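The sequence lines fix the lettering, A, B, ..., with proteins before strands; numbering per chain opens at 1. Keep in mind that this is a model prediction, so the values were computed, not measured. What's counted below: heavy atoms across the whole structure, side chains too, no hydrogens, waters or symmetry copies.
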There are 2 protein chains.
Amino acid sequence: MAEKRTSKVTITEVAKLAGVSTATAGRVLGGYGYTSEDNKERVRASAEKLGYRPNLLARSLITGKTKTIGVVAGDIQSPFYASILRGIADVARAQGFGVLLTNSDELLERELEAVQLLLEKQIDGLIIAPCDIYDSAHLHAAVRAGCPIVQIDRIVNGLAGDSVTVDNRAASRNCISQLLAAGHHRIGMIAELERWASGNVETFLDRVLDSSLDPATLFPSWQRLFGYIEAHAAAGIPIDRDLIGRVGAYSAEAAKTRTMALLSRPDRPTALFTVDGLTSAVAMDAITALNLRIPDDLSLICFDDLDWMTFIKPGITAVAQPLTAMGEAAAQLMLARIKGDDGPMQHLSLEPTFAQRGSVAAPMFATTA
Amino acid sequence: MAEKRTSKVTITEVAKLAGVSTATAGRVLGGYGYTSEDNKERVRASAEKLGYRPNLLARSLITGKTKTIGVVAGDIQSPFYASILRGIADVARAQGFGVLLTNSDELLERELEAVQLLLEKQIDGLIIAPCDIYDSAHLHAAVRAGCPIVQIDRIVNGLAGDSVTVDNRAASRNCISQLLAAGHHRIGMIAELERWASGNVETFLDRVLDSSLDPATLFPSWQRLFGYIEAHAAAGIPIDRDLIGRVGAYSAEAAKTRTMALLSRPDRPTALFTVDGLTSAVAMDAITALNLRIPDDLSLICFDDLDWMTFIKPGITAVAQPLTAMGEAAAQLMLARIKGDDGPMQHLSLEPTFAQRGSVAAPMFATTA
DNA sequence: TTGTAGGCGTTATCAC
DNA sequence: GTGATAACGCCTACAA
């Protein structure tokens, strides 16, 4: 029945009780090398009797492998990261790996500390949603130090690590195109351009339009704005820059204020495109507060599919990222690297699905063309 | 600038470069024992120059402390566990602790494996939402082996571990009382009694009414049904057992079927009480599908407050558990134990808040009293 | 097939 | 204050 007494049963004691050397005991318990059936039995019995549990620390110290993968999420409380983490944890567990979790809150300083802690704990690999895609010396250093990295959602420019993302630009373009096709010419959007160098929407718009911007090197939120602009350009419809509300990253209050302002204008947009789970919730909040009807007063498409979008009145049309699949893919890539795969970097782009529901209609009083 | 080259910079190399012994280097780098200012400087400089990072495995092996706490959640993808984990991770990080995460999916077998893995990785303590509150030998064994345990949401009978919960029975009783006070005499509820020995609602009801059941020894979902029964008893209103839909644990489809059935009856309830986040979402789904208006056709109170409850039409009245606070409290209890607190077991019961919104009204055609 | 000896990178225990 | 030296628990030679 294996009753353990004082927790510290080492392989030495098992060996002693079995009447063999620690090496032999280690071989059968660790499952490596050859041992006679006879001794196997004896050692297993002793281990069982003493309630022996291997100390993975000691094993890791010598093998150099911890069978642990580190994860740096932005905020595990958000459904976005929670789902991704679920995927990661599932495949990790299936392979006997542990998951060491940290939050960065999208703060570079915090990410730095997190990565350092994980590295010191000797994780075999790092899965991370990097805060800063332009200058992440600590990640380059980690890779150089031999720690494989799989990036999620965002890609650090020039980092030698795999990645799992979705094509944000295409998905966004698709959403906006649908709205345009439905007859909407005034589509509101709350954009996040916090770290955009020149600081304003104007310059971003210009750079997209004169094709001097490589979408692959941008933050997801920027890529979504990129798609918004492209869709307008493709349809030959001018953009009213006042409909693009600019807002700092991940601030609910700011987004709320901005959205309320946008939807309160006398010439308010006839459609709204939200760029992530946070803005979607904020938008619904504002829409409810302003007593706007969907889709009569306002059409709506959201990036990221949340549970309530299925049952909230007419149903909210949304782009659904395959979050758990992304987590699974990331973990799979990671495990392959850990097992020694040193092939070229892989940049997986998973296909989001488009959940067509009831939040899009032709704008009121609009001629469809 | 501390450029590391090949990852393995050990304390020995730092010591060598600083011209001191590994012992001295260890003292300044590890921050223990005495060292002259002179040597401190020199060692730090060498460490910096070589890009030295301590190997926490080696340290842990000898100190017996990993500064890591293990967490077994039911399903990290649910907002419930995600929020709790957020709280845990925050206080852990603040104290320099890591968090090793696993999911049990409420499966005992999986929980067993998880606990074993965590223990072998030598976590300093375990925070867990136990699947089985009646027979958890592995948890008793863990405690006996010296691993402190903090339980969340549920309490294993007789386990020597702290706990953080809410008073489910009182909260539930309060909700039902409000509905009864509003004039509802037919209140539907989807109950989960999967592991209830005798297997049916009848016997549970009987045991509550003849006071032969200690609520402290029950699963949260049972406690919530307990409160439902008590509230009815207190108001002197008989319970129509057909309004208590029994369902297996954590199955969305089953809950959906059951809820649809309940709400489709010709004599359907005038109010509904959902017992957790899953049933709430399922209920809303069903309500939308059946085109029932809240609160006109059906009053609703939900256990667990979800983001959409604020902006979904009239606003859904709900009981909000202080989830992140629960996580924080659990982590705090854990850290205290790790620091050596061997006082009596603590069973924290945090106060849920009641979010009064617009989903409760008097039943149609009902005389109020 | 088995045992002996050495070491993984730290910290702990002593003398000095 | 400091430096040998012995742990920590396990694995990996290598020799037997």
Side-chain angles (χ1 to χ4, degrees), chain A residues 4 6-44 46-47 50-68 117 119-124 145-146, chain B residues 4 6-44 46-47 50-68 96 119-124 145-146:
Chain A
K4 70 182 65 168
T6 171
S7 111
K8 305 165 181 271
V9 184
T10 80
I11 211 169
T12 315
E13 312 185 37
V14 174
K16 197 176 305 173
L17 191 140
V20 298
S21 71
T22 64
T24 303
R27 277 189 277 259
V28 14
L29 263 16
Y32 52 90
Y34 303 85
T35 329
S36 67
E37 277 307 322
D38 209 46
N39 276 340
K40 267 185 188 155
E41 286 290 310
R42 215 200 316 271
V43 170
R44 288 211 185 99
S46 312
L50 296 174
Y52 169 78
R53 296 289 163 236
N55 182 329
L56 264 28
L57 288 187
R59 177 177 297 172
S60 294
L61 184 57
I62 189 162
T63 62
K65 261 83 183 52
T66 51
K67 299 202 82 175
T68 302
L117 179 67
L119 255 24
E120 293 183 354
K121 283 189 182 297
Q122 309 297 119
I123 53 167
D124 292 338
Chain B
K4 72 181 64 167
T6 174
S7 110
K8 305 165 181 271
V9 184
T10 80
I11 210 169
T12 316
E13 311 185 36
V14 174
K16 199 176 304 172
L17 190 140
V20 297
S21 71
T22 64
T24 302
R27 276 188 278 258
V28 14
L29 264 16
Y32 52 90
Y34 303 85
T35 330
S36 67
E37 277 308 320
D38 209 44
N39 276 340
K40 267 185 189 155
E41 285 288 309
R42 216 199 319 271
V43 170
R44 288 210 184 102
S46 311
L50 296 173
Y52 168 79
R53 295 289 162 235
N55 182 329
L56 264 29
L57 288 187
R59 175 177 300 173
S60 295
L61 184 56
I62 188 160
T63 62
K65 259 83 183 55
T66 51
K67 298 203 81 171
T68 302
L119 254 25
E120 292 183 353
K121 282 190 184 294
Q122 310 294 122
I123 53 167
D124 292 338

Next on the checklist: So, taking the atom named CG in L57(A) and the one named CD1 in I62(A), what distance separates them when rounded to the nearest 0.5 Å?
Outcome noted: 13.5 Å
Checklist entry - Just how far is it from atom OG1 of T10(A) to atom CG of L50(A), taken to the nearest 0.5 Å? => result 9.5 Å
Item to check | Contact residues, residues 33-43 of chain A to DNA chain C [heavy atom, < 4.0 Å] | outcome: Y34(A), T35(A), S36(A), N39(A)
Checklist outcome for this item: Residues at least two apart in sequence or cross-chain that pass side-chain hydrogen bond (donor to acceptor under 3.5 Å, both in side chains) with K121(B), listed by chain then number, are T68(A)
Item to check | B/S/- contact track for nucleotides 6-16 of chain C, protein heavy atom under 4.0 Å | outcome: -BBBBBB----
Checklist outcome for this item: OG (S60(A)) and CG (N55(B)) are apart, to the nearest 0.5 Å, by 9.5 Å
Item to check | Atom pair OG1/OH of T12(A) and Y52(A) - distance to nearest 0.5 Å | outcome: 9.0 Å
Item to check | Which atom of G51(A) lies closest to which atom of V9(A), heavy atoms considered | outcome: O-CG2, 4.3 Å
Next on the checklist: Which residues pass the side-chain contact (heavy atoms from CB on, under 4.5 Å) test with E120(B), not counting sequence neighbours?
Outcome noted: R53(A), P54(A), L56(A), Q116(B)
Next on the checklist: Rounding to 10°, can you tell me the angle the first-five-pair axis of the helix from dT1(C)-dA16(D) to dC16(C)-dG1(D) makes with its last-five-pair axis?
Outcome noted: 40°
Checklist outcome for this item: Value for NZ (K16(A)) from CD1 (I11(A)), rounded to nearest 0.5 Å, stands at 13.0 Å
Item to check | Spacing of NZ belonging to K65(B) relative to CZ belonging to R59(B), to within rounding of 0.5 Å | outcome: 14.0 Å
Checklist outcome for this item: Applying side-chain contact (heavy atoms from CB on, under 4.5 Å) to T35(B) and not counting sequence neighbours gives T24(B), R27(B), V28(B), N39(B), K40(B)
Checklist entry - Is S21(A) near enough to dT2(C) that one of its side-chain N or O atoms lies under 4.0 angstrom from OP1 or OP2? => result no
